[in-house]
Amino acid sequence: MLGKLLKYDIKATGRILLPLFAALLGAALLMGFTFRGAMPSTSFSFYMMGGFDMARTITTILYTVLIVAVVILTFVMIIYRGFYQSLFGNEGYLRLSLPVSTGQTLMSKVLNAAIWLILAAFVSFLSFFLVVMPAVGLSEWARGFGELMNEVSMTSTSTGLAFKVMLFLFVAGLRFILKVFASISLGSAWTAHPGVGALLAFIGISIVESIPSHFLSADLSNFGVMSAASAAEFGRWLVVGSLVSAAVAAIFYAITWYMIDRRVSLQ
Amino acid sequence: MAAVLECRGLTKTYRGKIAALDHVDLKLDAGKIVGLLGPNGSGKTTLIKTAVGLLKPSEGEILVGGLKPGKVTKAHVAYLPDRDFLPSYMTTDQLLDLYQDFYKDFNRSKALEMLQGLDLKLNQKMKEMSKGTREKLQLILTMSREAAVYFLDEPIAGVDPAVRDYILRTIISNYNEQALVVISTHLIADVEPILDEVVFLKNGKIALQQDAEDLRAETGKSVDHVFREVFKC
């Protein structure tokens, strides 16, 4: 049943995010073409007339707007469409009356969030490199991008740091999403004002969350100069940070599960 | 016969003081169409939502087939809420798939047969349908399940008389005869002809529970008439 739930969650979130991702990649390519057009080998007279400058400005703005939209809408769609509307809106009458356990319902939401976070990060990353494709040509670009992906995915030696940074950011993103899930679930207990309840819960959780962070956080100022030793230390800090975030995310999961399973009150 | 639905001292309070259900004791058997009747705010929807697991009781308990509402009971309970509850971006075809994916007792061919009577395309989205058509589609999906219990919350509220007739015809011609059908409404006159038993809810308490035919024989009045007397303002 988890697979079926996930299928519907992915479709619900993807119907907005997939076209947005496609638009971002398209905008990156367009931007790449306008920048290639500005190179000296192209028509000098057209360049002098400012045609490519205008095109470059427009495509750069378009690309910037879209990349900001991808970051914001990925979180909005995961939280609002994927969680709030699906469980606490009118659709909750369907989702919470399906013959599945609360654990399956919630795990589907978490996996859906994880999948879209990874996809959004990958698409954004890919879009940076698509900008240069028109200038270098497809085959050269594909070779370079493949090498880059190999470097990033390696977990040993110095390149392992990139992987650890990505892991840290991914777990931190998931932790934030689960924090909002927990806040919405806690807020739903205040049936008269669930929105205000969710906001207050979020503020309350943030305060509680910040207390141990003061003691656990490493001092990052030491990492200003990235020597081999400090890189290794930074790598260790990232792993510890990821584990702490995962543990905190698990607490948020437990709170959300409890509120949905034991205190559900759909209005 | 063991009751399919049983409430024991069922109480639901909101904000710790307003009792939507106040120590309700109720037993309903299979094979009947029961009218859960009462004015707005009498606790009808709260009782149904508690039975389908969308609300937790504040006190007492509610049992469906002897079990507390949960994953097992949900597999045997068909529920039609009092609002549009299906994703508006989904098409009829996708909704049929969804019901088939999650409910083993969903009879797709029966649903398709019922849909043939409607002027409805399978690739039409919910949000492109009129209110009456959405109500019909939601009812068809609910009644196409061969469930043990059907909870239909205000199925005829807010629709025109022609749609009302369609909905009532669909209910009586498609429910599983071994099942319990609970219809909540305040539009008594429309549903009275199909009811076997009536339960009056007043301020969260059971004001009356009786066989519909016996009630009419005893009082010499229609259920609708008795309802108007009990709930006279």
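Protein chains get the first letters and strands the later ones, always in sequence-line order, with residue 1 at the start of each. No hydrogens, no waters, no symmetry mates; every other heavy atom, side chains included, goes into these values.
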Looking only at atom types and distance, does a side-chain atom of [X] sit under 3.5 Å from a main-chain N or O of [Y], one as donor and one as acceptor?
X	Y	value
B:Lys49	A:Ser265	no
A:Lys4	B:Asp101	yes
B:Lys74	A:Ser101	no

Please indicate whether [X] has more than 12 foreign heavy atoms, meaning atoms of other residues, nucleotides or ligands, lying under 6.0 Å from its [atom1].
X	atom1	answer
B:Glu113	CD	no
A:Tyr84	OH	no
A:Arg263	CZ	no
A:Tyr80	OH	no
B:Lys56	NZ	yes

B:Leu54 to A:Ser97 - nearest heavy-atom pair and separation: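 Minimum heavy-atom contact is CD2-N, 4.3 Å.
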
Heavy-atom closest pair, residues A:Glu91 and B:Leu86: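 Distance-wise, the nearest heavy atoms are CG-C, 4.4 Å.
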
Contacting moiety of B:Tyr79, where chain A heavy atoms sit under 4.5 Å: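 Only the side chain of B:Tyr79 comes within 4.5 Å of chain A.
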
Given heavy-atom pairs under 4.5 angstrom as the criterion, report whether the side chain, backbone, both or neither of [X] touches chain B.
X	answer
A:Gln85	neither
A:Lys7	side chain
A:Ala189	neither
A:Arg262	backbone

Using non-hydrogen atoms and a limit below 4.5 Å, what part of [range] faces chain A?
range	answer
residues 63-72 of chain B	B:Lys71
residues 178-187 of chain B	none
residues 92-99 of chain B	B:Gln94, B:Asp97, B:Leu98, B:Tyr99

Salt bridge (Lys or Arg N to Asp or Glu O under 4.0 Å) partners of residues 104-132 of chain A, not counting sequence neighbours, each pair once: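 Counting only pairs at least two positions apart or across chains, the salt bridge (Lys or Arg N to Asp or Glu O under 4.0 Å) contacts touching residues 104-132 of chain A are A:Asp9-A:Lys109.
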
Beyond-backbone contact of A:Arg95 with B:Phe102, side-chain heavy atoms, under 4.5 angstrom: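 A side-chain contact is absent here, since even the closest heavy-atom pair is not under 4.5 Å.
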
4.5 Å side-chain heavy-atom contact, A:Leu94 and B:Pro87: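 A:Leu94 vs B:Pro87: side chains touch.
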
A:Tyr93 and B:Arg83: side chain donor to acceptor below 3.5 Å: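 Short answer, yes.
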
